[in-house]
Amino acid sequence: MRRTVVVTGASSGIGLCTAEAFARRGDNVVLVAREADRLAEAADRCAALGGRPLAVAGDVTDGARMRAVVDEAVAAFGQVDVWVNNAGTSLWGAFEDIPLATHQQLIAVDLLGALNGAHAVVPHFLARGGTGVIINVVSIGGRLPSPWAASYSAAKFGVAALTDALRAELASHSRIAVCGVYPAFTDTPTATRSGNYTGRTLRPVPPVVSPERVARAIVALAGRPRRSRRVGSQHVLSAAYAIAPATVGRAAARLGGWYFRSAGEPSGPSDGALFDVRPAPVSGRGGWGRPQRLRARAAAAGLAVVAGATAAAVRSRRR
């Protein structure tokens, strides 16, 4: 059956791959992003795959605009069946080096953007009989705090809490499903769009997940909703954090400080695309998936350090 699916942040990265995955199923796909030209190109790609696309330019930080997205989707296709809150970015650097307005904008995009999307579509779902699916793209950063990305962690933990609280609340009086997807570092164009105050070009922490893999998880949740889907092997670190949060947190902070401040080429401070649209190709991937042996070895060594620190903490507790 053809569904109507709204995907925010649909002009690149996970959002674009998700829109294309739904298009391959023949679904109606409403693509939402800030920049109209890139959005139109993304819509053309979805049409070529067999979907029925509708491009709607809009900023997720604008709640009224998200309500207008619902109205335009209903006018074009009759109803909305699935809403994917995907739009977001990241922000890296020492907390005190990042301007307060930049921290606030990151939270507005990543956390309030998801809240605005849910707030726009829930009344529609309730009005059509209390059915529908909301899928929030969270992050491993919503399960495992990320030193050198404090406001990003705050936003993503907030999205995780929003997901769980809204799921429980809506289950009390409707059949609306609320799901969370938790990708690890993903090969998207985020390197050119994230805020960066590390002093170096951004590098991923391998192993890097493909955006197509995350998109498949989202499509699967739309068909068979469940509480959450975790994508990427880095999630094993959350178990270590649960056992010894202080030890693992300090180890991750030391490793991250070295990694982000030494792995890339020198680079000046940047707010990325937080405040303004940045020219970028309409692409799912950003080149982070290429073989990077030295960084992979460094990350593997870091994981070993964290695992060792956790084991030591556990032994100390037993004593």
Q: Among residues at least two apart in sequence or on other chains, which ones pass side-chain contact (heavy atoms from CB on, under 4.5 Å) with Arg224?
A: none
Q: Are Trp83 and Ile14 connected, step by step, through hydrophobic side chains (Ile, Leu, Val, Met, Phe, Trp, Tyr) whose heavy atoms are closer than 4.5 Å?
A: no
Q: If a pair satisfies side chain to side chain donor-acceptor pair (under 3.5 Å) and one of its residues is in residues 174-183, list it, with sequence neighbours excluded.
A: none
Q: Show your working on side-chain contact (heavy atoms from CB on, under 4.5 Å) between Gln105 and Val109 and close with a plain yes or no.
A: CA-CA 6 Å; Gln105 181 67 6; Val109 174; 3.9 Å; yes
Q: State which residues pass side-chain contact (heavy atoms from CB on, under 4.5 Å) with Ala33; sequence neighbours excluded, sorted by chain then number.
A: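 Listed in chain order: Ser11, Leu39.
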Q: Could you work out, with salt bridge (Lys or Arg N to Asp or Glu O under 4.0 Å) as the rule, every residue matching Asp164, not counting sequence neighbours?
A: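 With sequence neighbours excluded, Asp164 shows a salt bridge (Lys or Arg N to Asp or Glu O under 4.0 Å) to Arg167, Arg227, given in chain and number order.
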Q: Just checking, any donor-acceptor pair under 3.5 angstrom between side chains of Thr61 and Asp59?
A: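 Side-chain D/A pair, Thr61 to Asp59: present.
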Q: Return the set of residues passing side-chain contact (heavy atoms from CB on, under 4.5 Å) with Arg67 (not counting sequence neighbours), or none when no residue passes.
A: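 Ala64, Ala120.
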Q: Between Ile218 and Val137, is any pair of side-chain heavy atoms under 4.5 Å apart?
A: yes
Q: With sequence neighbours left out, which residue pairs that include part of residues 99-118 fulfil the salt bridge (Lys or Arg N to Asp or Glu O under 4.0 Å) condition?
A: none
Q: Counting only pairs under 3.5 Å, give me each side-chain donor-acceptor contact of residues 68-79, with atom names and distances, residues two or more places apart or in other chains.
A:
| unit_1 | atom_1 | unit_2 | atom_2 | d |
| --- | --- | --- | --- | --- |
| Glu72 | OE2 | Arg65 | NH1 | 3.4 |
| Glu72 | OE2 | Arg65 | NH2 | 3.3 |
| Gln79 | NE2 | Asp81 | OD1 | 2.6 |

Q: Leu166: which residues meet the side-chain contact (heavy atoms from CB on, under 4.5 Å) condition with it, sequence neighbours left out?
A: Ala118, Ile134, Leu170, Val178
Q: List the residues meeting salt bridge (Lys or Arg N to Asp or Glu O under 4.0 Å) with Arg200, not counting sequence neighbours, and say none if there are none.
A: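 Salt bridge (Lys or Arg N to Asp or Glu O under 4.0 Å) check on Arg200 returns nothing, list empty.
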Q: Heavy-atom distance under 4.5 Å between the side chains of Pro145 and Phe157, does that happen here?
A: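 Yes; the side chains approach each other to less than 4.5 Å.
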Q: Would a 4.5 Å heavy-atom cut-off, applied to side chains only, mark Leu274 and Thr102 as touching?
A: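 Of all side-chain heavy-atom pairs linking Thr102 with Leu274, at least one is under 4.5 Å.
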Q: Do Val133 and Pro225 have side-chain heavy atoms sitting under 4.5 Å apart?
A: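 Side chain of Val133 against side chain of Pro225, heavy atoms only: contact under 4.5 Å found.
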Q: Run the side-chain contact (heavy atoms from CB on, under 4.5 Å) check on Val181 and Val214 step by step: do they pass?
A: CA-CA 8 Å; Val181 176; Val214 183; 4.0 Å; yes
Q: Please collect all side chain to side chain donor-acceptor pair (under 3.5 Å) contacts where either partner lies in residues 132-155, sequence neighbours excluded, each pair once.
A: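 Pairs touching residues 132-155 that pass the test: Asn85-Asn136, His103-Ser151, Asn136-Thr163, Ser139-Tyr152, Arg143-His235, Arg143-Ser238.
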Q: Run the side-chain contact (heavy atoms from CB on, under 4.5 Å) test on Val30 and Val7 for me, step by step, so that the C-alpha distance in whole Å, both residues' side-chain angles and the decisive distance to 0.1 Å come before the verdict.
A: CA-CA 6 Å; Val30 182; Val7 182; over 6 Å; no
Q: Under a single-linkage rule joining Ile, Leu, Val, Met, Phe, Trp and Tyr whose side-chain heavy atoms are separated by less than 4.5 Å, which residues share a cluster with Leu115?
A: Leu162
Q: Using the rule that two of Ile, Leu, Val, Met, Phe, Trp, Tyr join whenever any of their side-chain heavy atoms come within less than 4.5 Å, decide whether Val6 and Ile176 are in one cluster.
A: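 In one cluster: yes.
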Q: Of the options Arg216, Arg25, Arg45, which is the one that meets Glu20 in a salt bridge (Lys or Arg N to Asp or Glu O under 4.0 Å)?
A: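 Checked Arg216, Arg25, Arg45 against Glu20; only one passes salt bridge (Lys or Arg N to Asp or Glu O under 4.0 Å): Arg45.
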Q: Taking the side chain as every heavy atom from C-beta outward, state whether Ile135 and Leu221 have any pair of such atoms under 4.5 Å apart.
A: yes
Q: Cluster question for you: counting only ILVMFWY and a side-chain heavy-atom cut-off of under 4.5 Å, with indirect links fine, are Val138 and Val231 together?
A: no
